[in-house]
Chemist: 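Mind having a look at this structure? Questions to follow.
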Amino acid sequence: MTIAEDPATTNPGYKWVGTRPIRPDGFEKVTGRAKFGADLYLPGMLHGAVLRSPHAHAKILSIDTSEAEAMAGVKSVITGDDFPPAMGKEKDMASNTIARDKVLYEGHVVAAVAATSRAQARAALDAIKVTYEVLPHVLTVDQAMAAGAPVLHDGMLTKGSEPAATEPSNVASRVIYQGGDLDKGFAEADVVVEHEFTTKPVHQGYIEPHAAVADTTPDGRSTVWCSSQGHFAMRTYSAQVLGWDSGRIRVIPAEIGGGFGGKTVIYLEPLAIKLSQKAGRPVKIVMSRDEVFRATGPTSGSRMTAKIGATKDGKITAADVHLWFEAGAYAGSPVGAAAMCCLAPYKVENFTIEGFDVVVNKPRVAAYRAPGAPISGFAVESVMDEIAKSIGMDPIEFRLANVVEEGDTATYGPKFPRIGYKETLEAIKNHPNYQEPLGPNQGRGIAVGFWFNAGMNSSATVNVNEDGTVNVLTGSPDIGGSRASMALMAAEELGVDVARISPNVADTATVGFNDVTGGSRTTLATGGAVVNACRMIIEDLRGRAAKQWDVAADQVEWVDGQAQMVDGSQPPLSLADIAKGWARTGGPIAASASLNARGVGAGFSTQMCDLEVDPETGVVTIVRYTTAQDAGRAIHPSYVEGQFQGGVAQGIGWALNEEYVHNADGVMENAGFLDYRMPVASDLPMIDTVIVEVPNPGHPYGVRGVGEVGIVPPLAAVANAVDSATGKRICHLPLSPIRILDALLEG
Amino acid sequence: MTFNPGGLPVKYFSPSTIEEAVELLSSGPNRRVFAGATDVVPQMRSGRPAPDGLIDLKGIERLISVTDTGSMWVIGAAAPTVRLTSNPAFVASFPGLAEASGLIGSDQVQSRSSLGGNLCNSSPAADSVPALFANRARAVIASGAGTRTIAVQDVPTGPGRTSLAPGEFIIEFEIDRPTTNSGDAYFRLTPRTEMDIAVVGAGARVDLDGAGTISSATLALGAVAPTVVRVPDAEAALLGAALTNGAPSDDVLAAVAAAASAACNPIDDKRGTIKYRRHVAGVLARRSILAAIARASAA
Ligand SMILES: Cc1cc2nc3c(=O)[nH]c(=O)nc-3n(C[C@H](O)[C@H](O)[C@H](O)COP(=O)(O)OP(=O)(O)OC[C@H]3O[C@@H](n4cnc5c(N)ncnc54)[C@H](O)[C@@H]3O)c2cc1C
């Protein structure tokens with residue numbers, strides 16, 4: 001829980017930034033008062049239920065809803081025919097929301113019903129008759145790419161293939177990043193390590209299932225309450241699927257019970273809007289956990305190869321990486337980001353990274369925390385570990401020997417500005433845990449990770465109240481403590497006590513546009529908008545004080561929450577003083593700022609996993625886990641540590657036990673938390689965190705995104721530690737007891 | 001009163017005597033008893049047909065008491081398992097059965113889950129059942145015709161099936177207090193530490209005679225066959241075995257592990273492969289026997 005000080009850059013006496021006040025939404029959340037997606041009840045509200053495909057791949061021959069519509073209590077039934085034809089850029093989103101002529105995965109929406117009770121709505125689903133023509137399906141990239149495989153989308157030609165594709169296939173696109181000369185690089189190598197890897201789809205596993213309530217007027221205006229990572233995005237996407245103008249939809253954000261990327265996309269909102277419009281009453285739809293697993297998320301399963309060469313003294317000479325990612329039913333796996341991230345922490349001249357986006361009959365993948373990077377990182381960091389081992393070099397020294405720093409060109413193109421990667425390596429090397437001796441059957445694994453972080457669009461409004469308290473409005477759902485960070489930055493700017501700042505998440509009709517809370521961008525971008533709005537307020541306040549003192553505005557400065565004459569000739573005026581007299585100085589005090597965030601600071605993390613393997617059962621116990629990550633500046637260090645720990649916890653689950661299990665018919669067999677094994681609290685030790693602070697020059701306080709990169713290293717850190725404990729390099733996730741015991745029994 | 005987990009009305013009864021419960025159970029076409037309902041409610045929620053009436057056994061004092069008569073422990077079939085794990089005298093008598101009961105779900109689940117429910121739900125993976133088998137527990141059964149007592153081992157007959165006749169339910173379990181130095185133990189393998197279901201479970205009980213040799217041993221395995229199974233070949237290998245440094249010879253232990261692996265009749269499923277279950281059954285059999293011996297030696 002230490003903050004590594006970088007003497008050159010450590011700040012100079014912030015009063016609020018870097019402190020740990022209790023989060024403004026804390027009491028509501030721990031006392032159960034916070035209203036999540038499923039908590040809203042409106043007068044006359046109906047309950048919706050969704051009919052889903054039992055088949056992995058089938059043609060819909062007919063849907064007969066007449067019996068369901070005639071049932072008592074059933075107020076509306078919808079199918080794909082109730083929506084405009086899916087077209088253009090939004091075609092995939094629209095047909096994923098509700099299928100038209102074909103279902104592409106088990107769980108694909110076919111119809112929906114609104115009725116006076118949940119039980120009645122479910123009973124009506126049973127009365128809908130769908131005739132399918134079942135088609136052969138593909139579940140893995142290899143099945144999807146095999147000769148003669150059924151093609152999911154007629155006419156899908158691989159983008160970016162060389163030569164240009166002429167025959168439709170399940171490969172949606174190919175990306176490639178190249179530099180130098182691979183043959184020359186491998187010729188210079190003293191050791192070359194190559195492996196093939198596979199990973200399974202895994203779910204974000206947010207605790208709150210998707211939920212939406214819509215109240216649509218007969219003339220086609222709708223108010224929607226839902227839990228999402230971005231209510232503006234829910235509005236935009238719903239409008240696109242419905243063929244409406246965005247302005248007809250107002251989305252009011254509920255609290256969100258986790259998202260991790262999986263709540264940046266729409267599922268229920270357009271269905272609820274349509275059901276409500278047809279019924280003339282509000283409609284609520286809440287998914288079950290089963291539906292969440294079968295029809296939302298997950299991230300890609302994959303097959304990968306990684307071949308890397310290095311000299312005896314630890315210089316990487318060449319890297320050749322190939323990635324095939326499952327996209328689920330529609331193009332759009334994160335293979336591009338995976339390709340861009342996997343070699344980013346290394347200075348390597350000769351490289352090829354090639355990635356393929358492959359559609360399969362599984363739910364459409366959604367973003368999951370640093371999308372794609374943990375997967376490709378698993379392959380590359382496993383091979384790096386083996387190279388370090390084979391040349392007898394400490395794994396951290398090996399990374400230091402190839403480290404990227406300010407001014408280096410990343411494998412994906414740009415030059416790095418000031419980054420704190422090297423500092424994270426040194427933080428682990430110098431951590432007392434690195435010296436802890438290992439017991440019998442214990443092993444230690446090191447891995448590193450990179451993630452770009454995002455900027456995008458944000459808006460904020462700052463309203464000063466009549467008593468000098470302050471309301472901060474943003475449109476960024478608070479998914480990881482962002483209200484607290486907004487309040488701390490506003491307090492720092494305005495010079496007032498953070499307890500006098502009330503941060504709010506406002507709806508689409510009451511604040512300017514904000515992109516989703518995702519890409520680790522909110523503290524940077526929305527925080528930047530808050531800072532800018534506060535600075536506008538300060539300008540205004542200086543002007544008002546100058547007016548009152550009858551001096552030029554440049555004679556007034558804002559210090560410690562007060563307007564002061566530069567020459568000290570007047571008693572200072574506090575924010576409360578100026579607010580009290582606002583009627584005489586120009587009326588209420590408010591400012592709004594909007595921006596497209598530039599100056600995004602990349603995130604790096606170095607992690608160390610110590611674990612023990614039961615040699616007779618293959619069960620892994622995590623003994624210690626240490627993570628060092630560059631936060632740029634920790635606005636609220638507790639929530640920064642929480643993000644570090646959360647990423648590691650999810651990564652450990654992914655490494656050890658989580659996976660989608662499908663049977664031969666393409667039906668998911670483990671759509672619940674009993675058999676989809678995310679870690680429980682007792683599975684993990686306290687995760688030791690080191691916040692490295694190398695400020696991002698692109699943000700007023702030096703913020704970098706912190707939410708995502710923490711999940712990049714754990715997959716390989718765990719696999720490397722298993723190798724260290726057992727001498728077995730396992731290249732297939734999850735590292736379940738069965739898989740580990742199989743490897744041990746192989747001898 | 002109606003109870004309504006899946007949206008369908010189910011009649012709820014709360015008798016306060018065994019006679020009343022027997023009467024209620026036979027006065028409707030499809031009635032079921034329950035204790036903690038930690039199996040019943042999730043099953044109804046996941047779409048299994050609901051009974052038309054549910055009879056709550058927890059209102060009957062005898063079914064929720066836990067008593068030491070001096071010669072045996074009597075455990076009400078509906079007593080929440082927290083009453084076992086939080087009873088120091090019980091834990092001292094049967095630490096293995098207490099540990100097995102303490103593995104069911106979580107603290108929240110254990111404030112409701114019962115041994116009667118764990119046994120009669122008849123999952124081969126039920127955690128307390130191998131420990132009940134190992135301790136040669138008896139079940140006292142109520143029916144219209146009076147009560148009868150059978151070995152717990154004779155209750156489960158297959159996944160979800162028991163030998164109880166319609167109209168019967170379990171009142172309580174009896175476990176004799178050991179007369180010599182004795183110890184029991186239960187180990188299970190789950191990928192997670194909690195909130196998981198056994199891939200393999202092993203319950204053992206060992207009694208030592210005055211000379212410190214094994215005068216009786218029982219071993220039962222969970223999750224490796226359609227019901228929990230005893231492993232007679234392992235028990236025979238242990239009988240009369242002498243201990244050196246607190247353990248039988250490596251040969252005897254190898255025979256125990258081999259017998260346990262051989263007693264498995266497992267399935268390949270999403271939770272485990274046949275190969276894995278067989279191997280780990282041998283490992284846990286050995287570990288549970290060694291732990292039971294250690295406890296018996298310390299007794
Ligand atoms: C989250 C969760 C985690 C769980 N984890 C575990 C675990 O780790 N290990 C494990 O073994 N189980 C686990 N279970 C299953 C369950 O908790 C246990 O099987 C528990 O012991 C059942 O007891 P109960 O009293 O709740 O049973 P109930 O649900 O009340 O009854 C179960 C069945 O037994 C019958 N029955 C109950 N009492 C009697 C009686 N006296 N006579 C005749 N029939 C009777 C009922 O009719 C029903 O068919 C878990 C359940 C949940 C919900």
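Lettering of chains follows the sequences in order, A, B, ..., and the numbering in each one begins at 1.
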Chemist: Is A/D675 close to chain B through its backbone or its side chain, or both, or neither, when contacts mean heavy atoms under 4.5 Å?
Modeler: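 When you check distances to chain B, only side chain atoms of A/D675 fall under 4.5 Å.
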
Chemist: With a 4.5 Å cut-off on side-chain heavy atoms, are B/Y276 and A/D742 touching?
Modeler: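 Result no, sub-4.5 Å side-chain heavy-atom pair not found.
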
Chemist: Which heavy atom of A/L674 sits nearest a heavy atom of B/R271, and at what distance?
Modeler: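 In terms of heavy atoms, the two residues are closest at CD2-NH2, 3.7 Å.
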
Chemist: Where does A/R677 contact chain B at under 4.5 Å (heavy atoms): side chain, backbone, both or neither?
Modeler: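 Both backbone and side chain.
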
Chemist: Tell me, side chain or backbone of B/L189 under 4.5 Å from chain A's heavy atoms, or both, or neither?
Modeler: side chain

Chemist: Just by distance, do the side chain of A/D683 and the backbone of B/R192 share a donor-acceptor pair under 3.5 Å?
Modeler: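 The answer is no, because no donor-acceptor pair under 3.5 Å joins these two groups.
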
Chemist: Taking atom NE2 of B/H279 and atom CG of A/L745, what is their separation to the nearest 0.5 Å?
Modeler: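 So the NE2 of B/H279 and the CG of A/L745 are separated by 5.0 Å.
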
Chemist: What are the two closest non-hydrogen atoms of B/G272 and A/I738, and how far apart are they?
Modeler: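 In this case the closest contact between B/G272 and A/I738 is CA-CD1, 3.5 Å.
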
Chemist: Nearest heavy-atom pair of B/R287 and A/E616: which atoms, and what distance?
Modeler: NH2-OE1, 2.7 Å

Chemist: Should the heavy atoms of other residues, nucleotides or ligands under 6.0 Å from CZ of A/R289 be counted, would the total exceed 12?
Modeler: yes

Chemist: Answer yes or no: does atom CG of B/D107 have more than 12 heavy-atom neighbours from other residues, nucleotides or ligands under 6.0 Å?
Modeler: no

Chemist: Counting only N and O atoms by type, is there a donor-acceptor contact under 3.5 Å from the side chain of B/K270 to the main-chain atoms of A/E669?
Modeler: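 Confirmed, B/K270 side chain pairs with A/E669 backbone.
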
Chemist: Using heavy-atom distances under 4.5 Å, tell me whether A/L656 contacts chain B through its side chain, its backbone, both, or neither.
Modeler: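 Contact with chain B: none, neither part.
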
Chemist: Under 4.5 Å heavy-atom distance to chain B, tell me which part of A/D614 shows up: side chain, backbone, both or neither.
Modeler: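 Contact with chain B involves the side chain of A/D614 alone.
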
Chemist: Can you tell which of A/D290, A/V661, A/T617 has the highest number of heavy-atom pairs within less than 4.5 Å of chain B?
Modeler: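 Most heavy-atom pairs within the cutoff with chain B belong to A/T617.
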
Chemist: Of the listed residues (B/R277, B/E194, B/M195), which shares the most heavy-atom pairs with chain A below a 4.5 Å separation?
Modeler: B/E194

